[in-house]
Amino acid sequence: MHAALLLETGLPLRQDFYNRDPVVVARDLLGKLLVRRTRDGLCSGRIVETEAYLARNDEACHASRGKTRRNAAMFGPPGRAYVYRIHRVFCVNVVTEPEDTASAVLIRAIEPLAGVDLMKRRAGKAVLHHVCRGPGLLCRALAIDPKLDGWDLTQGRRLWIAAGDGDECEIITSPRIGVGAAKELPLRFFVSGHACVSGRKTYRAPTATARLPKRPPKKDGKSR
DNA sequence: ACGGGGATCGGCT
DNA sequence: GCCGATCCCCGTA
């Protein structure tokens, strides 16, 4: 990497960062910098929304029914990209845990920082907090497509993730967006109150009746 | 700003 | 054939 690029973006996260539980990686990814470099220029943004997809007991995970041509990158080493197409758009994940575990973290939204005009043009959006709000939009804005499927994110070329400014932020957890299976699992993480987050910005609790304890409430009103 | 419904096509059964 | 880890548009507020 060029020194100027390091000053601007920091070093790419190493493989150790990704070689952990996807829930830990998903939370830790918030605030980090997603960086994309093409001939057209450098674009980057602060990650503000992620979702974890587990290797076991998670029917929504693409790897839950075994290895296929599409999801092969998920079975690769940690720190690789898994890029796939759905509903006519692309989504980008980072592979977590050791090779052949097949877990990943979906990057759902970023706050545009560098290369804003280029990203606006590619995404066809004028309002800043609309440019990368959603996994398909951020891939469009950063020119991420399946040619980057399996790309090594630890090399600091073309596409990588670097440490951000280290600012603390409040993290909210919720069920994942748009998944049919395992829709109750609280595996979505986002920065509280951030305008660039897609979907619901508050945690909608499951219906109260479904969560009520089977034991009747105490008469005296005391609890815990 | 938020929520509902339709478009649309590749991957998989 | 079926079904989406989505987006966009169009209601309503």
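Every chain is numbered from 1, with letters handed out A, B, ... down the list of sequences.
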Regarding A:T154 and A:R14, do their side chains bring together a donor and an acceptor under 3.5 Å, going by distance alone? no
Would you tell me whether A:S174 and A:R188 have side-chain atoms, one donor and one acceptor, within less than 3.5 Å of each other? yes
Assign [X] to base, sugar-phosphate, or nothing according to its heavy-atom contacts below 4.0 angstrom with the strands shown.
X	answer
A:T68	sugar-phosphate
A:R140	sugar-phosphate
A:R176	nothing

Do A:H62 and C:dA5 share a donor-acceptor pair, side chain to base, under 3.5 Å?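 When only heavy-atom distances are counted, A:H62 does reach the base of C:dA5 through a donor-acceptor pair under 3.5 Å.
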Can you figure out which of [options] approaches the side chain of [X] most closely?
X	options	value
A:V179	B:dC12, C:dC7, C:dA5	C:dA5
A:V89	C:dT6, C:dA5, B:dG10	C:dT6
A:H87	C:dG4, C:dA5, C:dC8	C:dG4
A:N93	C:dA5, B:dC12, C:dC7	C:dA5

For the pair made of [atom1] in [X] and [atom2] in [N], what is the distance, rounded to whole Å?
X	N	atom1	atom2	answer
A:R70	C:dC3	CZ	P	15 Å
A:R88	C:dC8	CZ	P	11 Å
A:F90	B:dG10	CZ	P	10 Å
A:H129	B:dC2	NE2	C1'	13 Å
A:E59	C:dC3	CD	C1'	15 Å
A:F189	C:dA5	CZ	C1'	15 Å
A:D149	B:dG10	CG	C1'	14 Å
A:D58	C:dA5	CG	C1'	10 Å

Polar side-chain atom of A:W151 near backbone of A:R157 as donor-acceptor pair, under 3.5 Å: yes
Taking the side chain from A:H194 and the backbone from A:C196, do they hold a donor-acceptor pair closer than 3.5 Å? yes
Flag as yes if A:Y53 stacks onto the base of C:dA5 (centroids under 5.5 Å, planes under 30°), otherwise no.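 Here the ring of A:Y53 and the base of C:dA5 are stacked, with centres under 5.5 Å and planes under 30°.
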Select from A:K125 and A:Y82 the residue whose nearest nucleotide in DNA chain C is closer to the 5' end of that strand.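 Result of the comparison: A:Y82.
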How about A:S103 and A:Y53: do any of their side-chain heavy atoms sit closer than 4.5 Å?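 When only atoms from C-beta onward are counted, A:Y53 and A:S103 do not touch, as no gap falls below 4.5 Å.
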Residue pair A:R20 / A:T96, side-chain heavy-atom distance below 4.5 Å: no
Heavy-atom closest pair, residues A:D40 and A:L118: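 So the two residues come closest at O-CD2, 3.7 Å.
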A:I110 and side-chain contact (heavy atoms from CB on, under 4.5 Å): which single residue from A:V131, A:L33, A:L142 fits? A:L142
Output yes when at least one side-chain N/O atom of A:R108 is less than 4.0 Å from OP1 or OP2 of C:dT6, else no.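 Result: yes.
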The dot-bracket string of DNA chain B, counting Watson-Crick and G-U wobble pairs with both distances under 3.5 Å, using [ ] for crossing pairs and | for pairs to another strand, is |||||||.||||.
